[in-house]
Amino acid sequence: MSFEERIAGVVREAARAAYGVELEVVHVERPNETAHGDFATNVALANAKAFRRNPREVAERLAEALDAPLVERVEIAGPGFINFWLTREALWQELETLLREGEDYGRGADSGEPVLLEFVSVNPTGPMTVAHGRHAAYGDSLARIMQAAGGEVTREYYFNDGGNQIRLLGESVAVRYAELHDREWSVSDPEALYRGEYIRDIARDFSSERGDTFLGMDQNKALTEIQAFAVGWCMEDIKKTLGRARVVFDSYFNEKSLYESGAIEELLRDLREGGYVYESEGALWLASSKLGDDKDRVLVKQDGSYTYMAPDIAYHRDKWNRGYRTAVDVLGADHAGYPPRIRAGLAALGIPGEFLDVELIRLVKLLRGGEQVKVSKRAGTFVTFDELLDEVGEDVARYFYVRSSHQTEMNFDLDLAIQQSDENPVFYVQYAHARIASIFARAGINPGELREMVPGDLAPEERALTLQLLDFPRVVRNAAARREVHPIPTYLETLAARFHQFYTVNRVLVDDEALRDRRLALCAATKAVLANGLNLLGVNAPEKM
RNA sequence: GCGCCCGUAGCUCAACUGGAUAGAGCAGCGGACUUCUAAUCCGCAGGUUGCAGGUUCGAGUCCUGCCGGGCGCGCCA
């Protein structure tokens, strides 16, 4: 149990003893100011009215009724805060727990609740861009964080390898392919073709693997082959980039399978039976306005083809049918209108709205030398995720992406990113880890083989470091619950700062053995938490720098 | 026009979803290496948290109205 929970518990007891009252919420937090104690609570302020007493009086009485061995002293401060200082024994005990749990420290109890996390899901029409990189970094880190918090997370990539975009890709490659052999390939709309350099790469690879035989045959037949090759090429390319960035998926879900399995037909039949669809103007509509959406949406177009709504609702129903009770979709901010529509569809099937949790990621605005660049995949004016990884490395890139909230628009200047990569705060955090490794190397012992230690007094820097270390589980839990990744970097930077401050003032390898053992323990604990935290972000924790 | 999101130091971002004197990094100025890694530490300077009201013991955080920016409001996905 965390200190917050334990303190909340004793405060509840005190309220029972002093007032015979059962408090509902007891908020305990770590004050910003060290002078305000290790922990503080505002219960006296929050309940003063109910007790019909002024807050300080309530605080006094609660403090008197307090019975807690882990608390060394309390102080009433300000308008009625109760500030707590913990005993050194209590702190050391928690540190020992931390050391014992090692890389499991911060891991919550398994909730047993399976969660499906879908992210990236970019269709295979080209390389990943820096914008997709943000999705990959955020989604993968979120998966790690939710797992650490006890969730049973499956990472899924949903893609469509059919449709207009894909046909366009095939034609684009075909034109280049023909060019390679000094031939021409006629397309309906040359303006619409993809122009990126990678199109030539695909054409070249296709040509060298399959020769020129496809130029002699029926265009449609050839196009099918070229298209399949191009899709495979792009998918391969995307997976390679993801792997480089240490992003792994548990499953890839193909939209096509929904057609093949009959899931879409089944969906439409069930919606019809439920009375949630109607025909109008030759199209089939979902009465989504009755289910929380702004207006009704077309499911089947006049020409008989489906809108994206049909497969997408079927896909989410499939997630539900697979046993997931939480589906987190990581989508671009331009999908703002998406959640209510899908929820409407799901509601028609009796699936509750809370099932779908959509996290919208703000756009990445691309700049060059301060000037905004219009990004277009078709025109080939984009920066790839690979280029970024080449320039700044995996650690810097991943850290950079998740350092700010996914809800904040991100200005991305590749020139600036390269220029500033060596002052990226990730090094500050990694350096703390390497410094500790170096201490252990010097001491000639392994962080896992510490001797039994005797609790002793904590210097101010040691105390601050300890409290920060013990805050880790709470930070992970909160981040997971709020689907936020950026609290982890924020936490790690503070932890690294606490360590560097401690290191500057207190020498670890001193002659006094008891003191030396305690400080080594503190170092080992810090090293473990830094490694755990960096791991949640997919960033390395180096032994040397 | 309607809906959602955002506005915090010169710049990039935090602030434990209502707490105490709003914090870091970068940029600027000044200090600290014969001692476990100076990719570090310490100090100075930098703010009317877009504006105006309201709610309460307390507001960057909640409510209302403005101002400014982004996104959405397709039989595109």
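Because only heavy atoms are used, hydrogens play no part in the values below, and waters and symmetry mates are left out as well, while side chains stay in. These figures come from a predicted structure and were not determined experimentally.
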Enquirer: Select base, sugar-phosphate, or nothing to describe what A:Ala434 touches, counting heavy atoms under 4.0 Å on all strands.
Expert: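 The answer is base, as A:Ala434 lies within the cut-off (heavy atoms under 4.0 Å) of a base atom.
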Enquirer: By the definition ring-ring contact (aromatic ring centres under 6.0 Å, His included), identify the one residue from A:Tyr252, A:Phe253, A:Phe119 that meets it with A:Tyr157.
Expert: A:Tyr252
Enquirer: May I ask you to check whether A:Phe51 and A:Tyr19 place their ring centers less than 6.0 Å from one another?
Expert: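 Aromatic pair counts; centres sit under 6.0 Å.
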Enquirer: Between A:Tyr503 (OH) and B:C41 (P), how many Å, whole number?
Expert: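 Result: 12 Å.
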Enquirer: Determine whether a donor-acceptor pair (N or O, by modelled atom type, separation under 3.5 Å) exists between the side chain of A:Arg483 and the backbone of A:Ala479.
Expert: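 Not at all, since once roles are kept as given, no pair shorter than 3.5 Å links the two residues.
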Enquirer: With heavy atoms under 4.0 Å as the rule, sort A:His36 into base, sugar-phosphate or nothing.
Expert: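 If one applies the 4.0 Å heavy-atom cut-off, A:His36 turns out to touch a base.
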Enquirer: For A:Phe81 and B:A20, is the gap between ring centres under 5.5 Å while the planes differ by less than 30°?
Expert: yes
Enquirer: With rounding to the closest Å, how many angstrom separate the P atoms on B:C44 and B:G25?
Expert: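 Between the two P atoms, the distance is 13 Å.
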Enquirer: Would the distance check show the side chain of A:Ser288 and the main-chain N or O of A:Lys295 forming a donor-acceptor pair, the cut-off being under 3.5 Å?
Expert: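 The answer is yes, because a donor-acceptor pair under 3.5 Å joins these two groups.
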Enquirer: Between the protein and nucleotides 72-75 of chain B, list every N/O to N/O distance that falls short of 3.5 Å.
Expert:
residue : atom : partner  : partner atom : Å
B:C73   : O3'  : A:Lys295 : NZ           : 3.1
B:C73   : O2'  : A:Lys295 : NZ           : 3.0
B:G74   : OP2  : A:Lys295 : NZ           : 2.4
B:C75   : O2   : A:Gln302 : N            : 3.0
B:C75   : N4   : A:Glu281 : O            : 3.0

Enquirer: With rounding to the closest Å, how many angstrom separate the P atoms on B:A52 and B:U8?
Expert: 16 Å
Enquirer: Quick one, give me the B/S/- string for nucleotides 26-31 of chain B, reading 5' to 3', where B means a protein heavy atom under 4.0 Å from the base and S means that only happens at the primed atoms, P, OP1 or OP2.
Expert: S-----
Enquirer: Within this structure, what is the CD1-to-P distance between A:Ile342 and B:A77, rounded to whole angstrom?
Expert: 12 Å
Enquirer: Is the centre of the A:His433 ring less than 6.0 Å from the centre of the A:Phe499 ring?
Expert: no
Enquirer: Looking at RNA chain B, which of residues 459-467 of chain A put a heavy atom within less than 4.0 Å of it?
Expert: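 Contacting residues: none.
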Enquirer: Knowing that exactly one of A:Glu4, A:Gln468, A:His36 qualifies, which makes a side-chain hydrogen bond (donor to acceptor under 3.5 Å, both in side chains) with A:Arg30?
Expert: A:Gln468
Enquirer: CG of A:Asn47 versus C1' of B:G58: gap in Å, rounded?
Expert: 15 Å
Enquirer: For nucleotides B:C26 and B:G19, find the distance between their P atoms and express it as a whole number of Å.
Expert: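 So the two P atoms sit 28 Å from each other.
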Enquirer: Check RNA chain B for consecutive Watson-Crick or G-U pairs with both distances under 3.5 Å and list the runs of at least three as stems.
Expert: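 Only these stems qualify: B:1-7 with B:67-73, B:10-13 with B:23-26, B:28-32 with B:40-44, B:50-54 with B:62-66.
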Enquirer: Considering only the P atoms, how many Å lie between B:G54 and B:G47, rounded to the nearest integer?
Expert: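 Taking atom P in both B:G54 and B:G47, they lie 26 Å apart.
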Enquirer: Give each protein N/O atom lying under 3.5 Å from an N/O atom of nucleotides 43-49 of chain B, with the pair distance.
Expert:
none

Enquirer: For the P atoms, the ones on B:C62 and on B:C5, what distance do you get once it is rounded to whole angstrom?
Expert: 10 Å
Enquirer: Mind calculating the distance between CD (A:Glu33) and P (B:A20) to the nearest angstrom?
Expert: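 After rounding, the gap between these two atoms is 10 Å.
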Enquirer: Over all strands shown, is A:Arg442 touching base, sugar-phosphate only, or nothing at heavy-atom distances under 4.0 angstrom?
Expert: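 It contacts sugar-phosphate atoms only.
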Enquirer: Output a table of nitrogen or oxygen pairs between the protein and nucleotides 12-18 of chain B separated by less than 3.5 Å.
Expert:
residue : atom : partner  : partner atom : Å
B:A14   : OP1  : A:Ser405 : N            : 2.5
B:A15   : OP1  : A:His486 : NE2          : 3.3
B:C16   : O2'  : A:Arg474 : NH1          : 2.2
B:C16   : O2'  : A:Asn478 : ND2          : 3.0
B:C16   : O2   : A:Arg474 : NH2          : 3.3
B:C16   : N3   : A:Arg30  : O            : 3.3
B:C16   : N4   : A:Arg30  : O            : 2.9
B:C16   : N4   : A:Asn32  : OD1          : 3.4
B:U17   : N3   : A:Arg482 : NE           : 3.4

Enquirer: If the glycosidic angle sits within 90 degrees of zero it is syn, else anti. Tell me which applies to B:U64.
Expert: anti
Enquirer: Can you find a donor-acceptor N/O pair under 3.5 angstrom joining the side chain of A:Tyr308 to the base of B:A77?
Expert: yes
Enquirer: What do you reckon, are the aromatic ring centroids of A:Phe472 and A:Tyr491 less than 6.0 Å apart?
Expert: yes
Enquirer: Tell me what A:Tyr431 touches on the nucleic acid: a base, only sugar-phosphate, or nothing, going by heavy atoms under 4.0 Å.
Expert: base
Enquirer: Centres of the A:Tyr138 and A:His406 rings: under 6.0 Å?
Expert: yes
Enquirer: Take atom P in B:C71 and the same atom in B:A15, then report the distance between them in whole Å.
Expert: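 About 24 Å, rounded to a whole number of Å.
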Enquirer: CZ of A:Phe427 versus C1' of B:A38: gap in Å, rounded?
Expert: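 Going from CZ in A:Phe427 over to C1' in B:A38 covers 17 Å.
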Enquirer: Between A:Ser257 and A:Glu260, does a side chain to side chain donor-acceptor pair (under 3.5 Å) hold up when you go through it step by step?
Expert: CA-CA 5 Å; A:Ser257 68; A:Glu260 289 162 357; 6.0 Å; no
Enquirer: Determine whether the aromatic ring centres of residues A:Phe39 and A:Phe84 are separated by less than 6.0 angstrom.
Expert: no
Enquirer: Does A:Gln501 place a side-chain N or O at less than 4.0 Å from the phosphate oxygens OP1/OP2 of B:C42?
Expert: yes
Enquirer: Look at all strands and tell whether A:Ala40 reaches a base, only sugar-phosphate, or nothing, counting heavy atoms closer than 4.0 Å.
Expert: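 Touches a base.
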Enquirer: Rounding to an integer number of Å, can you tell me how far A:Ile166 CD1 sits from B:A77 P?
Expert: 13 Å
Enquirer: In whole Å, I'd like the distance from the CG atom of A:Asp329 to the C1' atom of B:A77.
Expert: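 Answer to the nearest Å: 14 Å.
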Enquirer: For B:A59 versus B:G3, give the span between their C1' atoms, rounded off to a whole number of Å.
Expert: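 Roughly 26 Å separates the two C1' atoms.
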Enquirer: At 4.0 Å (heavy atoms only), tell me whether A:Asn506 reaches a base, stays on the sugar-phosphate, or touches nothing.
Expert: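 The answer is base, as A:Asn506 lies within the cut-off (heavy atoms under 4.0 Å) of a base atom.
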Enquirer: Round to the nearest Å and state the distance from A:His135 atom NE2 to B:A77 atom C1'.
Expert: 14 Å
